[in-house]
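The block underneath contains the structure these notes are about, expressed in structure tokens.
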2 protein chains.
Amino acid sequence: MIGIFDSGVGGMTVAHAIEKALPEYRLVYFGDLARTPYGSKSPETIQKYSRQNIEFLIKMGAKLIVIACNSAASVATEHVRESFSLPIFDVIEPAVKRVMSLPICLKKKARIGVIGTRATINSGIYPKKIAEACEEARIFSQECPLLVPLVEEGWLQARETKMIIRRYLSPLKRKQVTALVLGCTHYPLLKNLIQPRIGKNVSIIDSSEELAANLRTYLLNNSEFAEGLEKGGEHTYFVSDVTDAAVRTAKRIFGRDLELIYHKGI
Amino acid sequence: MIGIFDSGVGGMTVAHAIEKALPEYRLVYFGDLARTPYGSKSPETIQKYSRQNIEFLIKMGAKLIVIACNSAASVATEHVRESFSLPIFDVIEPAVKRVMSLPICLKKKARIGVIGTRATINSGIYPKKIAEACEEARIFSQECPLLVPLVEEGWLQARETKMIIRRYLSPLKRKQVTALVLGCTHYPLLKNLIQPRIGKNVSIIDSSEELAANLRTYLLNNSEFAEGLEKGGEHTYFVSDVTDAAVRTAKRIFGRDLELIYHKGI
């Protein structure tokens, strides 16, 4: 089974992309709604939660882990790779790889914007990883802590949301970025507001599809491991708390009703 | 010792009022920043967290508990009173008492607005308690889930905050409420925006001072119990996570730097 976790339901955008790209594999998802959000918490707390989430997914049968939360990926991927021996993927590496494949980056004139939660931006992980791949790129980061609550409220078209996006994106627009990384799995739900605000020629990078494609390549190249993964059967979506808002957001992402199973052990 | 807990730092508005009203008693505070916010979580999860927080405060020496979080008070006060034998106060009962003491309520023409988190409003606790005290009062409730994140971001004067407050308060303004209960310990920090928006003649009820006064009366009437409470010494402020935003909000509430002690056991 492929195990996926997020601090809440945002990571379901990633699970949905994996479902589409790898329909033959069975997924188990865990959304840590009882302790959401992670983006405003400290690295130590996020690392502890990530370890616990992975332990739960392994107990449920996961043989490969996807960290579908930028806040967790930014401070905990390296940390949990030291503690667990199974393959661990996250949403940051594919986003960086996608940025590097843009024509503008190949010409090394890249001016790249990154938006994310406070935990993700404070970690400095995107500038570090992008610089490793393309040292001449200029990177401009902006934390956007209110976007997750706005998405969770479903204010996807509200005037207030547009104003807050304008405020967050103005510094990046002034820097004339040519690409913008959506460094949070909630943000793809705001893409229709972000694209016109940052400029219609700016490439917007959403890592979920790239992650699914990377995972597909990995499984093709590691056929023995891939054969050991459980196939067929129902996907299962666990959450550590069940709220109406989560049920609604899940439905918005998948375009169908999704059964959220309450896991109270966390 | 008097033990106080909240989901985060909002309850420090209550702790601050108790410090001022009862300077002779020693306080121990616990802010559950690792799992904040509570207001968007389910009753079962909030009850579990409240039990754990009280157990921690008792271990630290608390002989009396104050639930300084409306979301916890609304779904967990009755629940924890069944599990623990020490006196437990919360922020809801004093707010209701204060509403009932308003001249407009004595005349039984009260039209009372209540604002709070989703957990508090969904619990229906304020309409229930107010109706018990004054069955002719008309009560209008409004959930305001974005106000906590806006306060935690420190956007206390932002144009977006004003617009969101206007949107939340419009239905209550149309109902011509004569009193407005701030059913969340974060909201007193927005009082300067709320008062002009709801109307300058509307009485705004903030339960922290009323709670402190109630507590004072209780201790005067129960002198033997009061004598057993620890007096003097430093107050201690524990949190289950330490973030820069929390340190800033604590400073804003107390008007001084506050040492937040990291308690990682939660």
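To find a chain, count down the sequence lines: A is the first, B the second, and so on, and within it residues start at 1. This one's a predicted model, so the numbers in the text were calculated from it and none came from an experiment.
The contact between B:Arg167 and chain A is made entirely by side chain atoms (from C-beta outward), counting heavy-atom distances below 4.5 Å. Proximity to chain B is limited to the side chain of A:Tyr49, based on heavy atoms less than 4.5 angstrom apart. Only the backbone of A:Ser40 comes within contact range of chain B, with heavy atoms under 4.5 Å apart. Proximity to chain B (any heavy atom under 4.5 Å) is shown, for A:Leu150, by both the backbone and the side chain. With a threshold of 4.5 angstrom between heavy atoms, B:Thr36 approaches chain A through its backbone and through its side chain. Using a 4.5 Å cut-off between heavy atoms, A:Arg118 contacts chain B through its side chain alone, with no backbone atom that close. For A:Leu33, the part lying near chain B is the backbone, with the side chain staying farther off; criterion is any non-hydrogen pair under 4.5 Å. Heavy atoms of A:Ser42 lying under 4.5 Å from chain B belong to its backbone as well as its side chain.
Listed options B:Ala158, B:Pro37, B:Ala34, B:Pro149 were ranked by heavy-atom pairs under 4.5 angstrom with chain A; first place goes to B:Ala34.
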For B:Asp241 and A:Glu44, run side-chain contact (heavy atoms from CB on, under 4.5 Å): C-alpha distance rounded to whole Å, both residues' side-chain angles, the deciding distance at 0.1 Å, then the answer. CA-CA 9 Å; B:Asp241 193 17; A:Glu44 294 71 25; 5.6 Å; no

Under the salt bridge (Lys or Arg N to Asp or Glu O under 4.0 Å) criterion, do A:Arg166 and B:Glu160 qualify, and how do the steps go? CA-CA 11 Å; A:Arg166 183 197 311 216; B:Glu160 293 87 345; over 6 Å; no

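The minimum heavy-atom distance between B:Met163 and A:Met163, with the atom names listed, is SD-SD, 3.0 Å.
Note that CD of B:Glu152 and CG of A:Leu146 are 10.0 Å apart. Values are rounded to the nearest 0.5 Å. Taking OG1 of A:Thr243 as the reference point, atom CG of B:Asn122 lies at 10.5 Å (rounded to 0.5 Å).
A 6.0 Å sphere centred on NZ of B:Lys48 holds more than 12 heavy atoms belonging to other residues, nucleotides or ligands. The environment of B:Arg138 atom CZ is sparse: at most 12 non-hydrogen atoms of other residues, nucleotides or ligands sit within 6.0 angstrom.
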